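Down below is the structure, laid out as structure tokens.
Predicted, not measured: the structure shown is a model, and the values here were computed from it. One-based numbering along the sequence shown.
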Amino acid sequence: MAVYLTKESKVLVQGMTGGEGMKHTRRMIAAGTDVVGGVNPRKAGRTVDFDDRAVPVFGSVADGMRSTGADVTVVFVPPAFAKSAVTEAADAGIGLAVVITEGIPVHDAVAFTTYAKARGTRLIGPNCPGLISPGQSNAGIIPADIAKPGRIGLVSKSGTLTYQLMYELRDTGFSTCVGIGGDPVVGTTHIDCLTAFEDDPDTDLVVLIGEIGGDAEERAAAHIRDHVTKPVVGYIAGFTAPEGKTMGHAGAIVSGSSGTARAKKEALEAAGVRVGSTPTETAKLVLDLLGNRT
């Protein structure tokens, strides 16, 4: 069992024939992902060889879905084309769209996240590493060799910290790891993933990674308090961020005490979440709760 992405998922790649699309499609296939096609209107009808697998290129997401039964698309197109790519996927009725592209204008992100939601397409990202259900499928750029299947669910704003926690807990393993992205506007939230992991019988514990800026973690804390019965362990990036400095992620906007790492930590702890001060300490808290600490 996993959330959002399983071994049954059939994946299209919008932008597969570009440099990043080619590189990561090869890595996804190597991880066992069932990549059934790429999308590029100018190269429709061709095939692209990935080692021993020939992947067809379709002129549209709708064509790819009709021909292959695809239910997931991974978007590697440049920022200027991301809005039209997501809109096309949502119009085709795809179930899940994973937008890796960074640097998308906020007004475009607002438009296409709203559009996708109205049409029943779950959107992960933008500016995210994607998601992986180890041993089943990998949609995005998360390295597949840093964790094995297991019973931990992970949801993270930060791509780098997604990788680090996966590595720290590589011997315990994960049901699904979801990198939701750190931009001000994202399609899938901490709360969405917490709900999915709560409902997943094969997830025993959830790791939530947040960062300074905004109030997503405070809202997640309220949801955990009221709706989550499984143990949750948290980590907030940004405790050492210098006051008054602009941070790297567009969503890292701090106003007074709101949005600070301390405020988020306090909100999560008030909801019963154990919060680590470092990624390594966070991993140890997980192992303590699972009874596996060595």
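- The two atoms that bring Leu5 and Val72 nearest to each other are CD1-CG2, 4.3 Å, heavy atoms only.
- Heavy atoms from other residues, nucleotides or ligands lying under 6.0 Å from CD of Glu198 number more than 12.
- Side-chain atoms of Thr121 never come within 3.5 Å of backbone atoms of Leu96 as a donor-acceptor pair (strictly under, hydrogens ignored).
- A distance of 9.0 Å separates CG in Asp49 from CZ in Arg26, rounded to the nearest 0.5 Å.
- Here Phe174 contributes atom CZ and Leu165 contributes atom CG; the two are 6.5 Å apart, rounded to the nearest 0.5 Å.
- Annotation: side chain of Lys157 is in contact with side chain of His190 (closest heavy-atom distance under 4.5 Å).
- From Ser133, atom OG reaches atom CD of Glu8 across 12.0 Å, with rounding to the nearest 0.5 Å.
- Checking side-chain atoms of Thr282 against main-chain N and O of Thr278 turns up a donor-acceptor pair under 3.5 Å.
- With respect to Asp202 and Arg151, a salt bridge is recorded, a charged nitrogen being found less than 4.0 Å from a carboxylate O.
- At distances below 3.5 Å, not a single donor-acceptor pair connects side-chain atoms of Lys264 with backbone N or O atoms of Gly210.
- Here the closest heavy-atom approach between residue Thr189 and residue Ile180 is recorded as C-CD1, 4.1 Å.
- The shortest heavy-atom contact between Glu168 and Ala283 is CB-CB, 3.7 Å.
- With respect to the salt-bridge test (charged N to carboxylate O, under 4.0 angstrom), the residues Lys23 and Glu20 qualify.
- A donor-acceptor pair is defined here as one N or O able to donate and one able to accept, closer than 3.5 Å; no such pair exists between the side chain of Asn138 and the backbone of Met28.
- Note that CD1 of Ile142 is 9.0 Å distant from OG of Ser156, once rounded to the nearest 0.5 Å.
- With contacts defined as side-chain heavy-atom distances shorter than 4.5 Å, the pair Tyr4/Ile124 qualifies.
- Using a 4.5 Å heavy-atom cutoff, the side chains of Glu88 and Ser60 are in contact.
- Looking at heavy atoms from C-beta onward, Val286 lies out of side-chain contact with Thr172 at the 4.5 angstrom threshold.
- Residues Thr195 and Asp192 have side chains that never bring a donor and an acceptor to within less than 3.5 angstrom of each other.
- In terms of heavy-atom proximity, Gln136 sits nearest to Ala2 at NE2-CB, 3.8 Å.
- Judged by distance alone, the side chain of Asp183 and the main-chain N or O of Val185 form no donor-acceptor pair under 3.5 Å.
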(message) Using the rule given for salt bridge (charged side-chain N to carboxylate O under 4.0 Å, His left out), can you reason through Asp34 versus Arg53, listing the C-alpha separation, both sets of side-chain angles and the distance that settles it, and then say yes or no?
(response) CA-CA 11 Å; Asp34 188 10; Arg53 183 166 188 170; 2.7 Å; yes
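- For the atom pair OG1 of Thr188 and NZ of Lys117, the computed distance is 10.0 Å after rounding to the nearest 0.5 Å.
- Using a 4.5 Å cut-off on side-chain heavy atoms (C-beta onward), Phe58 and Thr68 make contact.
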(request) Quick one: do Val228 and Val206 satisfy side chain to side chain contact (heavy atoms under 4.5 Å, CB included)? Show the steps, please. (result) CA-CA 10 Å; Val228 177; Val206 181; 5.8 Å; no
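- Note on Val39: it does not cluster hydrophobically with Met16, by side-chain heavy-atom contacts below 4.5 Å among ILVMFWY residues.
- Put simply, the side chain of Phe197 reaches to within 4.5 Å of the side chain of Thr176, judged on heavy atoms.
- Between the side chain of Thr101 and the backbone N or O of Pro79, no donor-acceptor pair lies under 3.5 Å.
- For the atom pair CZ of Phe81 and OG1 of Thr87, the computed distance is 14.0 Å after rounding to the nearest 0.5 Å.
- Few gaps surround NZ on Lys230; more than 12 heavy atoms of other groups in view lie less than 6.0 Å from it.
- Thr113 places a side-chain N or O within 3.5 Å of a backbone atom of Val110 that can act as its donor or acceptor partner.
- Put simply, the side chain of Val186 does not reach to within 4.5 Å of the side chain of Cys128, judged on heavy atoms.
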(request) Go through the steps to decide whether Val11 and Val98 satisfy the test side chain to side chain contact (heavy atoms under 4.5 Å, CB included), and finish with yes or no. (result) CA-CA 10 Å; Val11 178; Val98 183; over 6 Å; no
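- Residues Thr33 and Ser137 come closest through the heavy atom pair CG2-OG, 3.4 Å.
- Hydrophobic clustering (side-chain heavy atoms under 4.5 Å, transitive across Ile, Leu, Val, Met, Phe, Trp, Tyr) keeps Val75 apart from Val13.
- Hydrophobic clustering (side-chain heavy atoms under 4.5 Å, transitive across Ile, Leu, Val, Met, Phe, Trp, Tyr) keeps Tyr115 apart from Leu123.
- A salt bridge between Arg170 and Asp145 is absent, with no side-chain N of the basic residue lying under 4.0 Å from a carboxylate O of the acidic one.
- Of the possible donor and acceptor atoms, one in the side chain of Lys148 sits under 3.5 Å from a partner among the backbone N and O of Asp171.
- Put simply, the side chain of Ile236 reaches to within 4.5 Å of the side chain of Leu268, judged on heavy atoms.
- Hydrophobic clustering places Ile141 together with Ile132 (ILVMFWY residues linked when any side-chain heavy atoms are closer than 4.5 Å, directly or through intermediates).
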(request) Apply the test side chain to side chain contact (heavy atoms under 4.5 Å, CB included) to residues Phe112 and Ile104: give CA-CA distance (whole Å), side-chain angles for both, the deciding distance (0.1 Å), then the verdict. (result) CA-CA 11 Å; Phe112 69 63; Ile104 296 172; 3.8 Å; yes
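- Nearest heavy-atom pair across Thr47 and Ala54 is CB-CB, 4.5 Å.
- Put simply, Leu12 and Phe76 are part of two different groups of oily side chains (I, L, V, M, F, W, Y) that touch within less than 4.5 Å, one to the next.
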(message) The test is side chain to side chain contact (heavy atoms under 4.5 Å, CB included); show your working for Leu290 and Ile152 and say whether it passes.
(response) CA-CA 10 Å; Leu290 293 175; Ile152 302 170; 4.0 Å; yes
